[in-house]
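Just below is one structure, and these are the notes that go with it.
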Amino acid sequence: MKRIYFDNNATTRPDPRVIEKVMELAGSHYGNPSSLHFEGQQAKRILEESRRTVAAAIGAEDSELIFTSGGTEANNLAIKGVVEALAIKGKHLIASAIEHSSVRLVVNQLSQQGFEVTRLPVDKNGIIDLDFLQKNIRKDTILVSIMLANNELGTIEPIPQAAEIAHRQGALFHTDAVQALAKMSVKVDELGVDLLSVSGHKVYAFKGVGALYVRKKTPLLPTLHGGGHEQKRRAGTENLVGIASLAEAVRIMDEEGEQGKERLRLLRDRLEKGLKEKFPSAQINAESVPRVPNTTNVSFPGIDGESLLMNLDAMGIAVSAGSACKAGSTEPSHVLQAIGLSKEAARGTLRVSLGKYNTGEEVDYFLKALEQAIAQIKRGD
Ligand SMILES: Cc1ncc(COP(=O)(O)O)c(C=O)c1O
């Protein structure tokens, strides 16, 4: 059976050009970038070229980029690294209520260790409350962490405005841009952030690689201790194959430019038009606010989302019921709770996240399959 993959916010299939480039490299550039001999220096050249490519794509300087094992580690390093460095200055942190677990659980843990954490509420579309931020930021706030694009809703947060509020009080600002890269422009100076996380496998590179941007002079202590890699900020021999895959994916992303994003937008609009025509009672969440162009989050009243997911899977279609990391859990996701969706509505929610390999025909097939899948559930098949 032909499969249709509509779960690109969970992960993406690596671009064939990425695989080709990197597989060749895995055999030929096996040296340790820290070694002084030829093999080591050959690997180091790839490492530094990759750093230049990824840094340039987000408008950063090479020295401001630390490679990590993914978005999770980048988020952990950003928050724990700043907190370690600035604990003498203050013990107050702010994070939005809809952060990915790799931010949410880090700040939860810090709150058990004596830090005070303020959770920034969001409105029914998942947009943060800037007035709340303004009123709750304090002299002892050391870090504000707000994601650029939400993984479940696709909502784009007003990061430049939030970062300005943080900076006026002398706090640092981190954004998790894992779901934003390749779907919108991500430039550190336009966003005005001090720290920014990205992940390879969300942008058609390999799993197990990511990067943290750290603006020059931002205090940050390492969380992994060992060798002096990554300017002594992240110990561990670099995952050269993964890093090169990220660089190649980013190069392709830049080459595809606005056209790639526009194509996704057109597909998404076709999907949402079809959803409205076929399912008038369905509710597209966060529809009226700025969103990344590939994500549709839709609630079907009275339908169990997990059953719908399983029925669609049996028809060859992969989607997600809420966040990928929540699969298997029957509790509505924290994001859907934060936007005030009832438990009932949240349970009937699907996330469809399109990617660059998807086509209009796939969208049309999905809409037909969805009708069947919902009919099966209503009949109790
Ligand atoms: C918003 C967001 N941040 C961070 C991560 C974690 O990235 P990684 O899987 O590379 O650890 C994810 C992955 O789902 C995500 O969606």
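Read the numbers this way: they start at 1 and go in the same order the structure lists the ligands and their atoms.
At a cut-off of 3.5 Å, with distance as the only test, no side-chain donor of R263 or N294 sits close to an acceptor on the other residue. The closest side-chain donor-acceptor pair between T11 and K202, if any, does not fall under 3.5 angstrom.
Here the closest non-hydrogen pair linking L341 and T349 is CD2-OG1, 3.8 Å.
Using a 4.0 Å cut-off to heavy atoms of Q179, the atoms of ligand 1 that qualify are 1 (C), 15 (C), 16 (O). Atoms of ligand 1 lying under 4.0 Å from any heavy atom of H201, numbered from 1 in the order shown and given with element: 8 (P), 9 (O), 10 (O). Of all atoms in ligand 1, listed by their number and element, those nearer than 4.0 Å to a heavy atom of N75 are 3 (N), 4 (C). Near S102, the atoms of ligand 1 lying under 4.0 angstrom from a non-hydrogen atom of the residue are 4 (C). With ligand atoms numbered from 1 in the order given, ligand 1 contributes 1 (C), 16 (O) to contacts under 4.0 Å with heavy atoms of N151. Within ligand 1, counting atoms from 1 as listed, the ones closer than 4.0 Å to a heavy atom of M147 are 1 (C). Interface atoms of ligand 1 facing G70, defined by a heavy-atom separation under 4.0 Å, are 10 (O).
Not a single donor-acceptor pair under 3.5 Å links the side chain of Y365 to the backbone N or O of L367.
On a distance-only criterion, N9 and ligand 1 share no N/O pair closer than 3.5 Å. The shortest N or O to N or O distance between V209 and ligand 1 is not under 3.5 Å.
The pair E49-K44 does not meet the salt-bridge criterion, since no charged nitrogen lies less than 4.0 angstrom from a carboxylate oxygen. With salt bridges taken as basic N to acidic carboxylate O contacts below 4.0 Å, one links R251 and E248.
Rounding to the nearest 0.5 angstrom, the gap separating the CG atom in D176 from the CD atom in E157 is 11.0 Å.
Ranked by closest heavy atom to atom 12 (C) of ligand 1, the top entry among E152, E73, H100 is H100.
Residue-level proximity to ligand 1 for N150 is absent, since no heavy atom of it falls below 4.0 angstrom.
You'll find the ring centres of Y5 and Y357 outside the 6.0 Å limit.
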